[in-house]
Amino acid sequence: MAEYHFTPLTSAHYPMIRDWLAQPHINGWWGDGDTEIALMEQDLEHGPTDMRIVSYKGQPFAYVQDYPAHHWDMPQYADLPSQSRAVDTFLGDPAFLGKGHAAGYLRQRARELARRYPAVAVDPDPANTRAVTTYRRAGFDGTDVRPCEDGDPVLVMTFQAESPA
């Protein structure tokens, strides 16, 4: 049974997203609220990105998005199979930090995606040790550091779906 609920993003979520992006634990890893919301709005209207608000027991606390890994020029994903999905996320509500929720919702979402797509990948900044650790706990693995579209290094990790019991 699913622990986490993934609600499609709407413009009504923007104030909450803006508040989350202002939290100190997110600072430096994502852009400011206005910039990120403008990007979300573009995708909401015209893009291929599936954007979701993550809730636990009715309480929204995180944002997760997935998109075709080959839709944009993202060289770090060049060797992934066609139709692969890439994931980005942040845990917004600081009350949920350090309790295993990020690994939990990422594992659940990645399992859902892995049933439909040949690969599910993430590309955290290698210096973002909190994110890298969380992705590993969620079932992602990888050690290849590659340049992304702007030349910055990213750690490419793919979800290792558990074999059925």
Item to check | Within 45° cone and under 6.0 Å: Arg109 NZ/CZ vs Phe6 ring | outcome: yes
Next on the checklist: Show, in sequence, the C-alpha distance, side-chain angles and deciding distance for Asp123 and Met157, and conclude whether the side-chain contact (heavy atoms from CB on, under 4.5 Å) test is met.
Outcome noted: CA-CA 6 Å; Asp123 64 347; Met157 306 172 78; over 6 Å; no
Next on the checklist: Is there a path of hydrophobic side-chain contacts, each under 4.5 Å between heavy atoms, that joins Tyr135 and Val156?
Outcome noted: no
Checklist entry - Are the side chains of Ile37 and Arg18 in touch, meaning some heavy atoms are under 4.5 Å apart? => result yes
Item to check | Closest non-hydrogen atom pair, Gly151 against Pro147 | outcome: O-CB, 3.8 Å
Show every donor-acceptor pair shorter than 3.5 Å between a side-chain atom in residues 136-145 and any protein atom, with sequence neighbours excluded, or say none if there are none.
from	atom 1	to	atom 2	distance (Å)
Arg136	NH1	Asp141	OD1	3.3
Arg136	NH1	Gly142	O	3.4
Arg136	NH2	Gly142	O	3.0
Asp144	OD2	Arg146	NH2	3.0

Checklist entry - Do the non-hydrogen side-chain atoms of Thr158 and Val120 ever get within less than 4.5 Å of each other? => result no
Next on the checklist: The test is side-chain contact (heavy atoms from CB on, under 4.5 Å); show your working for Gln23 and Phe90 and say whether it passes.
Outcome noted: CA-CA 11 Å; Gln23 293 296 319; Phe90 61 84; over 6 Å; no
Item to check | Asp150 CG to Asp73 CG distance, which is reported to the nearest 0.5 Å | outcome: 11.0 Å
Checklist entry - Cluster question for you: counting only ILVMFWY and a side-chain heavy-atom cut-off of under 4.5 Å, with indirect links fine, are Val64 and Met74 together? => result no
Checklist entry - Can you name the nearest heavy-atom pair linking Pro48 to Asp43, along with the distance? => result CD-OD1, 3.9 Å
Item to check | Smallest separation among heavy atoms of Leu44 and Leu9, with atom names | outcome: CD1-O, 3.4 Å
Checklist outcome for this item: Here the gap from Leu155 atom CG to Gln76 atom CD, rounded to the nearest 0.5 Å, amounts to 11.0 Å
Next on the checklist: Tell me the closest heavy-atom pair linking Ser11 and Pro15, and the distance in Å.
Outcome noted: O-CD, 4.0 Å
Item to check | Heavy-atom side-chain proximity of Trp20 to Ile53 below 4.5 angstrom | outcome: yes
Checklist entry - What distance separates His5 NE2 from Gln108 CD, expressed to the nearest 0.5 Å? => result 10.5 Å
Checklist entry - Do the side chains of Tyr56 and Glu3 get nearer than 4.5 Å, heavy atoms only? => result yes
Checklist outcome for this item: Note: Pro118 and Ser82 closest approach over all heavy atoms is CG-O, 3.2 Å
Next on the checklist: Using 30° and 60° as the class boundaries, would you call the ring planes of Phe61 and Phe96 parallel, tilted or perpendicular?
Outcome noted: parallel
Item to check | Same apolar cluster (I L V M F W Y, side chains within < 4.5 Å links), Tyr117/Leu106 | outcome: yes
Checklist entry - For Tyr63 and Val54, what are the C-alpha separation, side-chain angles and deciding distance, and is it a side-chain contact (heavy atoms from CB on, under 4.5 Å)? => result CA-CA 6 Å; Tyr63 170 81; Val54 185; over 6 Å; no
Checklist entry - Would you say the side chain of Gln83 lies within less than 4.5 Å of the side chain of Pro68, judging by non-hydrogen atoms? => result no
Next on the checklist: Run Arg130 and His25 through side-chain contact (heavy atoms from CB on, under 4.5 Å) and show every step you take.
Outcome noted: CA-CA 10 Å; Arg130 175 182 271 171; His25 67 276; 3.7 Å; yes
Next on the checklist: Quick check: do Arg52 and Asp50 have side-chain heavy atoms less than 4.5 Å from each other?
Outcome noted: yes
Item to check | Atom pair CH2/CG of Trp30 and Leu39 - distance to nearest 0.5 Å | outcome: 9.5 Å
Checklist entry - Can you list every pair that meets side-chain hydrogen bond (donor to acceptor under 3.5 Å, both in side chains) and has a residue in residues 84-94, with sequence neighbours left out? => result Gln65-Asp88, Asp66-Arg85, Tyr67-Asp88, Thr89-Tyr105
Next on the checklist: Using the rule that Ile, Leu, Val, Met, Phe, Trp and Tyr join whenever any side-chain heavy atoms are under 4.5 Å apart, tell me whether Val154 and Val87 fall into a single cluster.
Outcome noted: no
Checklist entry - About how many Å separate OH of Tyr14 and CG of Asp19, when rounded to the nearest 0.5 Å? => result 15.0 Å
Next on the checklist: Using ring pair (Phe, Tyr, Trp, His ring centres under 6.0 Å), reason through Tyr77 and His70 one step at a time and then give a plain yes or no.
Outcome noted: CA-CA 7 Å; Tyr77 295 139; His70 299 294; 7.6 Å; no
Item to check | Met51 side, atom CE; Thr7 side, atom OG1 - distance, nearest 0.5 Å | outcome: 13.5 Å
